[in-house]
Amino acid sequence: MKTVTFVTAVAFVLTVAGSGSAMAADATATATAAVVNPISIAKDQDMNFGTINANGTDGTVQLPTSGPRVFSPVPGPSAGSDFGVSPAMFTVTGNPSSTYSISAIPATSLTGPGTPMSLDEFTTDHSTPPPPPTVGGGGTHSFKVGATLHVNAPQADGIYTGTFTVTVLYN
Amino acid sequence: MKTYGLMAALAFSMAVTCGGHACADVSRSSPSNRPPLAETGFASVNATAQATIVGVYSIASIEDMNFGEVGSGGTPGSVVLPPQGQRSAIGGVTLGKSGDPSSARLEIRGIRRTAFSIALPGSMYLTNGSNSMLVDTFTSHSGGNGVLDGDGETWLRVGATLRVGANQPPGDYTGNFPVTVTFN
């Protein structure tokens, strides 16, 4: 009698390769990005303190973002004509619903016929925190800037001007 | 005895992935943990500030000179209005009760404790239509000079003498006179 024996041998060797093994390959990829809605700022109105009676005394004139000028001390520099008095005004354009901050504005000075007058303590009608001003639905947002002017004794008559820089940045 | 080997070939395919998306296609999407590039950046703008300074020194009229009610008769006369005190009449004039007589009062402002000198006119005329009366002998209460106080202020009173003609036509006579203050 014959006996047939089947011997079955099955052998699998299966290696599953994960990432970074024998499948690795070199490639050069180019990354590009289109920057849309970068933040920008435009000036709508310069700052103007109007006419000030120096009155021969040291003092300050505060120009708020809204309301009349505030003179100190009394007696001291006082209000002349308020023709032209205005805080500075700006409009920011950027991503709707993004928030942004206004950087602290560095002090500067106004120069003219006499001693330079310091201009500092800038204020805005949108302060941080909270909440930082939001670029509104139309992608624009406006704010005003006031400041304090330091009048010397004496302060020669005439027109004094200066420049200040306003910086905004996304949060 | 025969031995049979059995071998099966398994055919399969496997896709290579990098974190869930195609490795070689970086431009199509950005990983969620990197902020969108549009959200970066800042911007600056310059603005001008301006102020107009006036009136370091100023002189303002607070009260006008007023000789009040004066009666004129057949002879000429004068009304003396001192810087401080009551009017007096000389010659053919009478002093009426009404009319609120007063010397002129001025306010002077400037840098504190500054000395100044005062210049007054020699004479001028008050007029009513074609009629006029001379005013002269202007005097100030402090003589020809003064000094501002610690607040940079002071006041000044100025009087004068009104020359009334004989039978001076009735009416309101007015005029302006200059006061010049020179600061040292």
Side-chain angles (χ1 to χ4, degrees), chain A residues 4-10 12 14 19 23 27 29-33 35-43 46-57 61 75 80 88 90 95 98 110 114 117 119 147 149 151 153-170, chain B residues 1-10 12 14-20 22-31 34-58 60 107-114 148-154 183:
Chain A
V4 176
T5 306
F6 289 87
V7 176
T8 303
V10 176
F12 282 114
L14 181 63
S19 61
M23 302 299 296
T30 302
T32 60
V35 178
V36 297
N37 290 338
I39 194 167
S40 67
I41 180 170
K43 178 200 65 180
D46 285 316
M47 181 182 292
N48 193 330
F49 282 81
T51 299
I52 298 164
N53 289 319
N55 288 334
T57 307
V61 182
F90 303 88
N95 267 340
S98 293
L110 303 197
M117 295 187 279
L119 185 70
L149 181 67
V151 181
Q155 192 69 55
D157 288 5
I159 297 176
Y160 293 72
T161 58
T163 306
F164 62 96
T165 303
V166 177
T167 300
V168 293
L169 55 156
Y170 280 129
Chain B
M1 184 167 89
K2 279 188 180 177
T3 302
Y4 292 89
L6 191 67
M7 282 177 58
L10 290 174
F12 63 95
M14 188 171 96
V16 178
T17 64
C18 295
C23 293
D25 207 354
V26 291
S27 64
R28 267 214 252 145
S29 63
S30 52
R34 192 200 309 154
L37 291 167
E39 293 293 310
T40 58
F42 67 93
S44 295
V45 69
N46 287 339
T48 301
Q50 175 178 313
T52 301
I53 299 293
V54 298
V56 179
Y57 295 105
S58 64
E107 217 160 66
I108 303 173
R109 290 170 173 267
I111 296 172
R112 63 175 76 94
R113 294 184 240 287
T114 307
L148 300 178
D149 64 15
D151 293 327
E153 299 174 349
T154 194
F183 294 92

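In what follows, every chain begins at residue 1, and chains take the letters A, B, ... in the order their sequences are listed.
Within the 4.5 Å cutoff, side-chain heavy atoms of A:M117 are placed close to those of B:I53. Within the 4.5 Å cutoff, the side chain of B:Q50 has heavy atoms near those of the A:I159 side chain. Side-chain contact between A:I52 and B:T52: absent, with no pair of heavy atoms (C-beta onward) separated by less than 4.5 Å.
Taking A:L169, A:T167, A:V61 one by one and counting their heavy-atom pairs under 4.5 Å with chain B, the maximum is reached by A:T167. When A:G50, A:G80, A:G114 are compared by the number of non-hydrogen pairs under 4.5 Å with chain B, A:G50 comes out ahead. Looking only at heavy-atom pairs under 4.5 Å with chain B, the residue among A:V166, A:V151, A:L119 that has the most is A:V166.
Residues satisfying the ring pair (Phe, Tyr, Trp, His ring centres under 6.0 Å) criterion with A:F164, sequence neighbours excluded, are A:F122. Applying the side chain to side chain donor-acceptor pair (under 3.5 Å) criterion to B:T48, with sequence neighbours excluded, gives no partner residue.
Residue B:A43 comes nearest to A:S40 through the heavy atom pair CB-CA, 3.7 Å, listed as atom of the first residue, atom of the second, then distance. For A:I41 against B:S44, the heavy-atom pair with the smallest separation is CG2-C, 3.7 Å.
Contact annotation for A:L149: only side-chain heavy atoms (C-beta onward) come within less than 4.5 Å of a heavy atom of chain B.
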